[in-house]
Colleague: 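Handing you a structure now.
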Amino acid sequence: MNTAIDIFTVVAICAGAAFFMAGSVGLLRFPDSLTRLHALTKADNLGLGLIVLGLLPQADSLLGGLKLVAVWLLVQLASATVAQLIAQALRHRGRGT
Amino acid sequence: MSVIQALDISLAVLVLAVAIWTIVSRDAFAAVVGYVAYGLLVSLVWVRLFAVDVALTEAAIGSGVTGVLLISAAVRLRGTEAAVAAEWPGAGSRVLAAALCMVVTAALAAVVLTMPDPGATLAPEAARHLAETELGNPVTAVLMAFRALDTLLEKVVLFLAVIGVWSLAADGNWGGIAGPRRATNRQGALAFLAQLLPPVGIVVAIHIVWIGANEPGGAFQGGAILAAMWMIVIMARLAEAPAIGERRLRLALVAGPAVFLAVGLMGFAVANAFLAYPAGLAKPLIVFVEVFMTLSIAVSLPMLVLGPPDRPSS
Amino acid sequence: MSAPTLAGLTGAALVGLGLYGLLVHPHPLRKLLGFNLLGSGVFLLFGIIARKGAAAGFAADPVPQAMVITGIVVAFCATALSVALLLRLFEAGGAATLRPDVGRDDSD
Amino acid sequence: MNFLLVLSLVVPIAGALLAFGVGGRWVSRIALATMPLGLAIAVAIAAGLRPAGGSLVYLLGGWSPPLGVALRADWLSALMMVTTAVVISAIGLFARADFPAGMTETRRSFAFWILLLAVWGALNTVFLSGDLFTFYVSLELLVFVAVPLVALDGRAETLQAALRYLLFALLGSVLYLAGTGLLYGAYGTLDIGVLSGRIRGEPVTAVAVTLMTVGLMAKTALFPLYLWLPAAHAGAPAAASAVLSALVVKGSFFIIVRLWFFVMPGLAGVAAPQLLGALGAGAIVFGSLLALRQERLKLLVAYSTVAQLGYLFLAFPLALDAEAGRLIDGSALIAGLVQAASHATAKAAMFMAAGMIYVALGHDRIAALGGVVRTAPLAALVFLLAGVALIGPPTSGVYFAKTLFLRAADSTHQWWWSLVLDVGGVLTSAYLVMLVARALAPADQAAPSMAGIVSGQQPVAALALVLCSLLLGLLPWHAWLPLPLAVTTPDPLSLDALWSLVWPLLVGMALAALMGRRQNQRPLRMALWLEQADHALRQWPAAGFSLLGLTIMLGVALLLTP
C-alpha cells in the first residue's frame with residue numbers, strides 16, 4: 001500500500017515538474033508577452049496542482065493536507081490576478097509584444 | 001554527489017547569478033525585480049539551514065514588503081539612471097574596487113572554511129532554560145525572553161523609521177494622508193483580490209502569531225502578512241490609508257513597544273527584574289505582548305511603504 | 001561540501017558583491033540594492049554559524065537566528081527610510097544623485 | 001540602585017513613545033519634563049559607582065550572560081551619560097524657541113522633540129550595554145534618529161546630505177554586524193565580559209575586529225571616512241547639529257573603545273593602535289586646515305568636528321604598553337573620554353552660537369561677519385568662549401585631557417603624538433583668531449533687513465554648556481568616579497599652564513595674520529591641493545576606496561600581530 005502511494009507521489013510530482021519545465025520553456029521561447037503569460041499561468045497552475053496532489057497522501061494529518069490545498073488555492077488566486085493585471089497593462093499600452 | 005548536494009549547489013549558483021544580475025543589470029527596474037526573486041531564493045537557502053523562522057521573515061519582509069517598496073520606487077525613478085551615468089568611476093577604478101571587494105570576500109570565505117564543526121553555540125543553554133519561558137520555539141524564547149531588550153529596541157527602531165519617513169513630508173501636508181486615493185469604481189482583478197484575500201490572510205496571520213510560541217512563526221511574520229493584506233486593500237483603492245494625525249493610528253503604532261515596555265516594567269514588581277516574566281504567566285504574557293507587536297508591525301510596514309503624507313486630510 | 005558551508009561561501013561572495021554595488025554604483029537606488037545584498041550576505045554568515053551550532057536537539061542555534069530576524073526588520077526600515085529620502089530628493093531637486101556639488105553653493 | 005541603569009534607557013524611550021501617542025502641543029512638554037528626570041538618573045548612577053565598588057551590573061530579565069543580556073555601568077559610562085544628559089538638557093532649553101509648542105502640531109517640532117528623546121535613550125543604551133549585539137541595535141537607533149534630524153529642514157541639499165549619511169552609516173552598521181556574527185561563531189558569546197575571557201589572537205578575531213572597527217570609524221566620520229559629515233552637520237537646524245556633532249558621533253567612538261579596551265586589550269598589537277592614532281592625527285591636521293579654508297560658519301564648525309574627532313583616537317597608541325602589547329585603561333583612555341566630554345559641551349555650544357549668529361545676521365558667510373559683535377554680542381561671546389574651550393585654557397577639560405595625553409606620550413616615549421597635539425592647538429587658534437578678526441571688523445553695509453531676533457533663553461543655554469567645558473578641568477568630578485588611577489587636576493595658575501595656552505594662540509595669530517595678508521592673492525598651491533583632496537574624499541568612489549583600503553590595512557596589522 002505504502003509503495004503504491006509513494007509511486008503515485010513520485011509520478012504526480014514528476015508530471016508537475018514537467019509542466020513547470022514546459023512553462024519555463026514557453027516563457028523563454030514564446031514570441032510576445034501574452035503568449036508567454038499563457039504558457040506561464042497554465043503550466044504553473046497545473047504543475048503546482050499536480051505537485052500538491054502528489055504530496056497530499058504524504059501529509060501527516062488532515063490539517064496538513066488542508067494547508068497544502070490552501071497553498072494551491074492561494075497561488076491560483078494570486079497568479080490569476082497577476083495574469084489579469086499584466087494583460088490589462090499590456091492592453092493599456094496597446095500592444096502585445 | 002548526492003541529489004540533495006546537487007540541489008544545494010544549484011541553489012547557491014542561482015542565488016549568486018541573480019545577485020550578480022541585480023548589480024550589473026543596466027535597468028534599475030529589472031534589477032529590482034531580480035532582487036525580489038533573489039529574496040525568495042535566499043529564503044529557500046534559509047530552509048536548507050533549518051532556520052524556518054528566518055526563512056519566513058526573509059520571504060515576508062526581506063523579499064515581499066521590501067520588493068513592493070523598491071518596485072514602486074524604481075517606477076517613480078524611471079529615467080534617472082541616465083542622469084547619473086556620468087558619475088560612474090573609470091574602468092580602472094572599477095577593477096580596483098572589484099579586487100578590493102574580492103579581498104574582503106576571500107577573508108570571509110577563509111573564515112567560513114576554517115570554522116570548526118560543531119561550532120560554538122548557546123543552543124544547550126537555550127534548551128536548558130526553555131522550560132522557564134514556557135515556550136516551545138527557542139527562537140521566540142530568545143527574541144521575547146533571553147534577549148528581550150534587543151527586540152524591544154528593534155520595535156523602537158521601527159517606530160523611529162515611521163517618524164523619519166513622516167518627517168520628510170512637506171509642512172503643509174503634516175497630519176495628512178499618504179498613498180493612492182480611494183476610488184469609487186471597485187471593478188477589476190485587484191479589487192476582486194483585495195476583497196477575497198484579506199479574510200484568509202487575517203486568519204493565516206493570527207495562526208502564525210499564535211503558533212509562534214511553539215513552532216516557527218511569530219509577531220514579525222504574522223504582522224508582515226497583515227500588513228500585506230492592508231497594502232493590497234490600499235493598492236486596490238478600496239480604502240485610503242488613515243491620516244497620520246489620526247489618534248487611532250498613532251496608538252496602533254506605539255502599542256507594540258509601549259505594551260512590551262509596560263510588561264517589562266511590571267517585571268520589576270512581580271518577577272524581580274526588568275523584562276522578566278513571573279513563573280506560570282510567562283507564556284500568556286509573551287503572547288499578550290506579541291499581539292500588540294503584531295498590530296504595530298501590521299500598521300508600521302504599510303506606513304513605511306506608502307511614504308510621507310502627500311496631501312492634507314480632507 | 002556541506003549545505004551550511006556552501007551557504008556561508010555564498011554569503012561571503014554576496015558581501016563582496018553588495019559592497020561593490022554599494023560603493024561603485026552611482027545611482028542611489030542601486031546602492032540600496034547593494035546594501036540589501038550585503039546585508040543578506042552577512043545574515044547568511046549568521047546562518048552557517050547557527051547551523052554549525054546545532055546542539056541539544058535543536059537543528060540550529062536559536063540565538064543567531066533571532067539576531068537575523070531582528071536584522072532583517074532593521075534592514076527593511078533602513079530601506080524604507082532611504083527610499084523615502086531618495087524620492088523626496090528627486091521631487092525637491094529634480095535629480096537622484098549623490099554628488100555633493102550638484103545644486104550646491106559651498107563648493108567654489 | 002541597579003534598577004537605575006534600566007530607567008536611564010527606559011525613561012527617554014517611554015517619553016518618546018508617550019509624546020508620539022499624545023501628540024499636539026504636549027510633545028515638547030513631555031520632552032522637557034523628561035529632562036530633569038534623566039539628568040537626575042545619570043547623576044545618581046555616577047554617584048553610586050564608588051559605593052558599589054566601581055561598577056553596577058543589571059541582568060535583564062534575570063538571565064545571566066552568555067544567554068542573557070547585561071547592562072553595565074563603569075566610569076566611562078558614567079562620564080559619558082552625565083555629559084549626554086547635560087548636553088541634551090541644554091539643547092532642550094535652547095530648542096524651545098526654535099521648535100515651539102504651538103496650538104496645532106507642526107512637523108518640525110513633533111519630529112525634533114521625539115527624536116531628541118530617542119537619541120538620549122539610544123546613547124544611554126550604547127554607554128550601558130555589555131553586549132555586542134545590543135550595541136548593533138543601539139547603533140541603528142542612532143542612525144534612525146540622526147538621519148531625520150539632518151533632513152529636518154527639507155531643502156534639497158540637506159535631503160541629499162541625509163541620504164549620503166544614511167547609506168554610509170548603514171554600510172558601517174552592516175560591517176559591524178558581520179564582525180559581531182564572526183565573534184559569536186568563534187566564541188559562542190556576545191557578552192563583553194565573557195568574550196574577553198575567551199577571545200584569542202586568531203585570524204577570525206582579526207577579520208571580525210577589522211570589520212567592526214572600520215564600520216564604526218565610518219559612523220564616527222574618522223578621517224578619511226568623513227564624506228557625509230560636513231554637509232550633514234552644517235545643513236541641519238542648529239539644535240539638531242548640536243546633537244549630531246556633540247553626541248551622535250561619540251556613540252560609535254565609545255563602542256570602538258569598548259571593543260579595543262575591554263574585549264581584546266591584549267590582542268591589539270603595536271601596529272593597529274598606531275594606525276588608529278595616525279588616522280586621528282590626519283583628522284586633526286586635515287580637518288583644521290580645511291576649517292581654515294571654509295567660507296561659511298556652520299561648515300567651519302563641522303570641519304572643526306572632523307578635526308576634534310581625531311583627538312579621541314590618539315588614546316589608542318598612547319594607551320599602548322608596547323612591551324606587554326596591551327592597551328591599558330589608564331591615563332590615555334581617561335584623556336580620550338574627557339576630551340570627548342569637553343568637545344561635546346563646547347561643540348554643542350558652538351553650533352548653538354553659529355545658529356544664533358545665522359538668525360541675527362540672516363546669513364553665516366564668514367567674509368561678512370563684520371559687526372556681529374554689535375548685532376549678536378552674546379552669540380559672538382559664546383562662540384569665542386567655545387573656541388577658546390577647544391584650544392584648552394588651563395581650567396578647561398581640553399587642557400586636562402591634553403596634560404594626560406602628554407604625560408602618556410612621555411611615559412611611553414612617543415614624542416610624535418605630542419607634536420600632533422601642538423599642531424592641532426595652533427591650527428585651532430588660527431581659525432579662531434581669523435574669525436575674531438572678521439567679527440571685529442566694522443559692518444560692511446547697514447545691517448541686512450532679513451535678520452531675526454534671538455530668543456533670550458538661547459544664549460543662556462549655550463553659555464551654560466560652554467562653562468561646563470571651560471571648567472571641566474577645575475571641577476573635582478574625578479574624585480567621584482572610580483577611575484582606574486588617581487588623576488590630579490593640573491594647577492591652572494602655573495607658568496607652564498599659562499604658557500601652554502599663550503604660545504599656540506601667538507603662533508595661531510601669526511598664521512592667521514599671514515593668511516589674512518594673502519587674502520587677495522592667488523591661493524597657495526597647497527591650499528588648492530587640500531581642497532581637491534577634500535572634494536575627492538567627499539565623493540563615493542574615493543570614500544569607498546579609503547574604506548576598503550583601511551579595512552585591508554587594519555586587517556593586515558591585526559593578522560600580523562603575534
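Chain naming here is simple, since letters A, B, ... match the order of the sequence lines and numbering starts at 1 in each.
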Colleague: Need one label for C:Tyr20: side chain, backbone, both or neither, based on atoms under 4.5 Å from any heavy atom in chain B.
Modeller: both
Colleague: Please report the closest heavy-atom contact between C:Cys77 and B:Leu158, naming both atoms and the distance.
Modeller: SG-CD1, 3.2 Å
Colleague: Counting only heavy atoms closer than 4.5 Å, note whether C:Ala55 contacts chain B via side chain, backbone, both or neither.
Modeller: both
Colleague: Would you mind telling me which of C:Val15, C:Leu17, C:Leu37 has the largest number of heavy-atom pairs within less than 4.5 Å of chain B?
Modeller: C:Leu37
Colleague: Checking B:Arg76 against chain C: side chain, backbone, both or neither under 4.5 Å from a heavy atom?
Modeller: both
Colleague: Using every non-hydrogen atom in the two residues, find where C:Val24 and B:Ala97 come nearest and quote the distance to one decimal.
Modeller: CG2-CB, 3.6 Å
Colleague: Given a strict heavy-atom distance threshold of 4.5 Å, which part of B:Val45 is in contact with chain C: side chain, backbone, both, or neither?
Modeller: side chain
Colleague: Contact part of B:Leu130 toward chain C, heavy-atom cut-off under 4.5 Å: side chain, backbone, both or neither?
Modeller: side chain
Colleague: Output the option from C:Asp61, C:Thr70, C:Val63 having the highest count of non-hydrogen pairs under 4.5 Å with chain B.
Modeller: C:Asp61
Colleague: What residue in C:Ile69, C:Leu81, C:Leu19 has the most heavy-atom pairs under 4.5 Å with chain B?
Modeller: C:Ile69
Colleague: With side chain to side chain contact (heavy atoms under 4.5 Å, CB included) as the criterion, how do C:Phe43 and B:Trp46 come out once you've worked through the C-alpha distance, each side chain's angles and the decisive distance to 0.1 Å?
Modeller: CA-CA 10 Å; C:Phe43 296 152; B:Trp46 282 109; 3.8 Å; yes
Colleague: Is there a donor-acceptor pair closer than 3.5 Å between any side-chain N or O of C:Arg30 and the backbone N or O of B:Glu81?
Modeller: no
Colleague: Which one, B:Gly34, B:Ala19, B:Gly164, B:Ala86, leads in non-hydrogen pairs under 4.5 Å with chain C?
Modeller: B:Ala19
Colleague: What option among B:Ala107, B:Ala98, B:Ala85 has the most heavy-atom pairs under 4.5 Å with chain C?
Modeller: B:Ala98
Colleague: What residues, two or more places apart in sequence or in another chain, satisfy ring pair (Phe, Tyr, Trp, His ring centres under 6.0 Å) together with C:Phe35?
Modeller: none
Colleague: Based on non-hydrogen pairs under 4.5 Å, which of C:Gly34, C:Gly47, C:Gly21 is most in contact with chain B?
Modeller: C:Gly47
Colleague: Looking at chain C, which one of B:Gly62, B:Ala126, B:Pro138, B:Gly218 has the largest number of heavy-atom pairs inside 4.5 Å, strictly under?
Modeller: B:Pro138
Colleague: Would you compute the distance between atom CG of B:Leu11 and atom CG of C:Leu6 and round it to the nearest 0.5 angstrom?
Modeller: 8.5 Å
Colleague: Where on C:Leu85 is there a heavy atom nearer than 4.5 Å to chain B: the side chain, the backbone, both, or neither?
Modeller: both
Colleague: Checking heavy atoms, do the side chain of B:Thr140, its backbone, both or neither come under 4.5 Å from chain C?
Modeller: neither
Colleague: For B:Leu56, is it the side chain, the backbone, both or neither that has a heavy atom under 4.5 Å from a heavy atom of chain C?
Modeller: neither
Colleague: Would you say that more than 12 heavy atoms from the other residues, nucleotides or ligands in this model lie under 6.0 Å from the CZ of B:Arg26, or not?
Modeller: no
Colleague: Just wondering, do B:Leu108 and C:Leu9 contact through their side chains at under 4.5 Å, heavy atoms?
Modeller: no
Colleague: Under 4.5 Å from any heavy atom of chain C, what part of B:Ala120 do you find: side chain, backbone, both or neither?
Modeller: backbone
Colleague: Going from CZ on C:Phe76 to OG on B:Ser63, what distance comes out if it is rounded to the nearest 0.5 angstrom?
Modeller: 12.0 Å
Colleague: With rounding to the nearest 0.5 Å, note down the distance linking OG1 in B:Thr80 to CG in C:Leu86.
Modeller: 7.5 Å
Colleague: Checking heavy atoms, do the side chain of C:Leu45, its backbone, both or neither come under 4.5 Å from chain B?
Modeller: side chain
Colleague: Picking from B:Leu16, B:Val305, B:Leu168, B:Ile297, which has the most non-hydrogen pairs under 4.5 angstrom with chain C?
Modeller: B:Leu168
Colleague: Check for a donor-acceptor pair, side chain of B:Thr105 on one end and backbone N or O of C:Ala12 on the other, with a separation under 3.5 Å.
Modeller: yes
Colleague: Can you see which heavy atom on C:Ala56 is nearest to which on B:Pro124, and at what distance?
Modeller: CB-CA, 3.7 Å
Colleague: Rounded at 0.5 Å granularity, tell me how far CG in C:Leu23 sits from CZ in B:Arg94.
Modeller: 14.0 Å
Colleague: If you count heavy-atom pairs under 4.5 Å between each of C:Gly39, C:Gly53, C:Pro62 and chain B, which one has the most?
Modeller: C:Pro62
Colleague: Measuring heavy-atom distances to chain C, does B:Val111 have an atom under 4.5 Å in its side chain, in its backbone, in both, or in neither?
Modeller: neither
Colleague: Is B:Ala74 in contact with chain C via its backbone, its side chain, both, or neither, using a 4.5 Å heavy-atom distance?
Modeller: both
Colleague: To check you understand the geometry: which heavy-atom pair defines the closest contact between C:Thr10 and B:Ala12, and what is its length?
Modeller: OG1-CB, 3.6 Å
Colleague: Non-hydrogen atoms of chain B under 4.5 Å away: do they reach the side chain of C:Val68, the backbone, both or neither?
Modeller: side chain
Colleague: If every non-hydrogen atom of B:Phe220 is compared with every non-hydrogen atom of C:Val73, which pair is closest and at what distance?
Modeller: CD2-CG2, 3.4 Å
Colleague: May I ask you to name which of B:Val24, B:Ile20, B:Val42 has the most heavy-atom pairs under 4.5 Å with chain C?
Modeller: B:Ile20
Colleague: With a 4.5 angstrom heavy-atom cut-off, could you sort out which part of B:Met115 is near chain C: side chain, backbone, both or neither?
Modeller: both
Colleague: Based on non-hydrogen pairs under 4.5 Å, which of B:Leu100, B:Val165, B:Val157 is most in contact with chain C?
Modeller: B:Val165
Colleague: To the nearest 0.5 Å, what is the distance between OG1 (B:Thr121) and CD1 (C:Ile49)?
Modeller: 11.0 Å
Colleague: Considering only heavy atoms, which portion of B:Pro308 lies under 4.5 Å from any heavy atom of chain C: side chain, backbone, both, or neither?
Modeller: side chain
Colleague: So which atom in B:Leu49 and which in C:Ile48 form the shortest heavy-atom distance, rounded to 0.1 Å?
Modeller: CD1-N, 4.4 Å
Colleague: Just give me the residue among C:Ser40, C:Pro26, C:Ala80, C:Pro64 that pairs up with chain B most often, heavy atom to heavy atom, under 4.5 Å.
Modeller: C:Pro26
Colleague: Heavy-atom distances under 4.5 Å only: say whether B:Val65 touches chain C with side chain, backbone, both or neither.
Modeller: both
Colleague: Would you mind checking which part of B:Tyr38 comes under 4.5 Å of any heavy atom in chain C, side chain (CB onward), backbone (N, CA, C, O), both or neither?
Modeller: side chain
Colleague: Tell me, for C:Ala13 versus chain B, whether the close heavy atoms (under 4.5 Å) come from the side chain, the backbone, both or neither.
Modeller: both
Colleague: Could you state the interatomic distance from OG1 (B:Thr22) to NE2 (C:His25), rounded to the nearest 0.5 Å?
Modeller: 8.5 Å
